[in-house]
Amino acid sequence: MKRFLIIITCIMTAIAVYANPPKLNVENLFDGRYNGNKNVTITIYRNNGNFYRGMTIKNNPGIIKTIAEAISKDAPRAKDYSDHQDADGQYTSLQIVNNGEVIYIGLQRDKHGGAFFFIQGKDKAFK
């Protein structure tokens, strides 16, 4: 009986750990700190089991740097990571798996000082 209880406890612990929210640094960027900033446009929607958050930034290198730093902190957890720079700008993307679902994160910085940033995945990935 003790052995059975130990096995059940181990299984329940593993399930609880597996089902934790991702707690990504990039998610914290949507905490409301940029609401009302005239250089930032924020889009958030849930549709058909998908959760999307996007941010367009104009003329604010400080915000873009903050986003890039948050992505760098989350990069070690990524199953796929890419960073590409060319004459038009810099493109960073990563994919993080949580709850068996992929969370897609991307940052596109253009040569004019603007950027587009997004986080997207199935609702299940964020729970």
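Only this structure's heavy atoms are used, side chains among them; waters, hydrogens and symmetry mates stay out. This chain uses plain numbering: 1 for the first residue, then up along the sequence.
You'll find the side chain of Phe118 stays beyond 4.5 Å of the side chain of Leu107, heavy atoms only. Inter-residue side-chain proximity for Val102 and Lys122 is flagged as unmet; no heavy-atom pair is nearer than 4.5 Å. For the pair Glu27/Ile119, a side-chain contact is recorded, criterion being any heavy-atom separation below 4.5 Å from C-beta on. Contact check for Tyr81 versus Thr92: side-chain heavy atoms found under the 4.5 Å cut-off. Proximity of Asp74 to Ile96: side-chain heavy atoms (C-beta onward) are separated by under 4.5 Å at one or more points. Contact check for Val26 versus Ile71: side-chain heavy atoms found under the 4.5 Å cut-off. Contact of the Asp110 side chain with the Asp88 side chain is not registered, since no non-hydrogen atoms from C-beta on lie closer than 4.5 Å. Tyr91 has its side chain out of reach of Phe116: every pair of non-hydrogen atoms, C-beta onward, lies at least 4.5 Å apart.
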Give the C-alpha distance, both sets of side-chain angles, the deciding distance and a yes or no for side-chain contact (heavy atoms from CB on, under 4.5 Å) between Tyr45 and Asn50.
CA-CA 8 Å; Tyr45 72 84; Asn50 289 304; 5.5 Å; no
Check the pair Leu29, Asp31 against side-chain contact (heavy atoms from CB on, under 4.5 Å), reporting the backbone distance first and the verdict last.
CA-CA 6 Å; Leu29 299 169; Asp31 62 3; over 6 Å; no
side-chain contact (heavy atoms from CB on, under 4.5 Å) between Arg33 and Asn28: does it pass, once the steps are laid out?
CA-CA 9 Å; Arg33 73 180 88 177; Asn28 295 332; 4.0 Å; yes
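For Asn98 against Lys127, the heavy-atom pair with the smallest separation is ND2-O, 3.6 Å. Smallest separation of non-hydrogen atoms from Asn37 and Asn39: OD1-N, 2.8 Å.
A donor-acceptor pair under 3.5 Å links the side-chain atoms of Asn99 to the main chain of Lys124, judged by distance alone.
How far CD1 of Ile64 is from CZ of Arg109: 8.0 Å, rounded to the nearest 0.5 Å. The distance from atom CD1 of Ile105 to atom CZ of Arg53, rounded to the nearest 0.5 Å, is 9.0 Å. Taken to the nearest 0.5 Å, the CG atom of Asp86 stands 9.0 Å off from the NZ atom of Lys111. Separating the CD1 atom in Ile63 from the CE atom in Met55 is a distance of 7.5 Å, to the nearest 0.5 Å. A distance of 5.5 Å separates NZ of Lys73 from CG of Asn25, quoted to the nearest 0.5 Å. The distance from the CD atom of Gln95 to the CZ atom of Arg77 is 14.0 Å, given to the nearest 0.5 Å.
Under the side-chain hydrogen bond (donor to acceptor under 3.5 Å, both in side chains) criterion, no residue pair touches residues 55-68, with sequence neighbours excluded.
At least one test fails for Arg46 against the ring of Phe126: distance under 6.0 Å to the centre or angle within 45° of the axis.
Under the 6.0 Å cut-off for aromatic ring centres, Tyr52 and Tyr104 do not qualify, their centroids lying 6.0 Å or more apart.
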